[in-house]
Amino acid sequence: DDLRAYAAKHAAELPKIIAFHGSADPVIHVATTRLAIEALRKAGANVELYTYSGVGHHISPQMRNDYSAALGAAVQAATERESMRNPAGS
């Protein structure tokens, strides 16, 4: 309960959460991830879910490409925010 309360209070402060999930995953069903995503959204978190048709409990090439692109964009955004907070020479 403490974790839920903390998450609800601070969800909007979290960085964007991106989930990648295969629609044919027999280990963790995509419906479970959808419920988690919806709960995070209701708490105010910025979340996005990518689903991959026919992909099971593994990382497909397309999933890897999408993950790499999302990670690169997140690093770029963080770098830009940091440079705005701490301009060179100040």
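Please read these numbers as outputs of a predicted model, since none were measured by experiment.
- Here F20 pairs with Y50, Y67 under the ring-ring contact (aromatic ring centres under 6.0 Å, His included) rule; sequence neighbours left out.
- The two residues S23 and G54 come nearest to each other via the heavy atoms OG-N, 2.8 Å.
- We find the NE2-CG distance between H29 and L35 to be 12.0 Å, quoted to the nearest 0.5 Å.
- Sequence neighbours left out, the pairs with a member in residues 57-84 that pass salt bridge (charged side-chain N to carboxylate O under 4.0 Å, His left out) are E82-R85.
- Atoms OG1 and CG, on T33 and L49 in that order, are 7.0 Å from each other to the nearest 0.5 Å.
- Legend: residues meeting side chain to side chain contact (heavy atoms under 4.5 Å, CB included) with H57, ordered by chain and number and at least two apart, are D25, P26, V27, I28.
- Taken together through direct or relayed side-chain contacts under 4.5 Å among Ile, Leu, Val, Met, Phe, Trp and Tyr, I18 and V55 form part of one hydrophobic cluster.
- Atom CG of L71 has more than 12 neighbouring heavy atoms from other residues, nucleotides or ligands inside a 6.0 Å radius.
- Looking only at side-chain heavy atoms (C-beta outward), H21 and T32 stay at 4.5 Å or farther from each other.
- Note: T51 OG1 to M63 CE = 9.0 Å, rounded to the nearest 0.5 Å.
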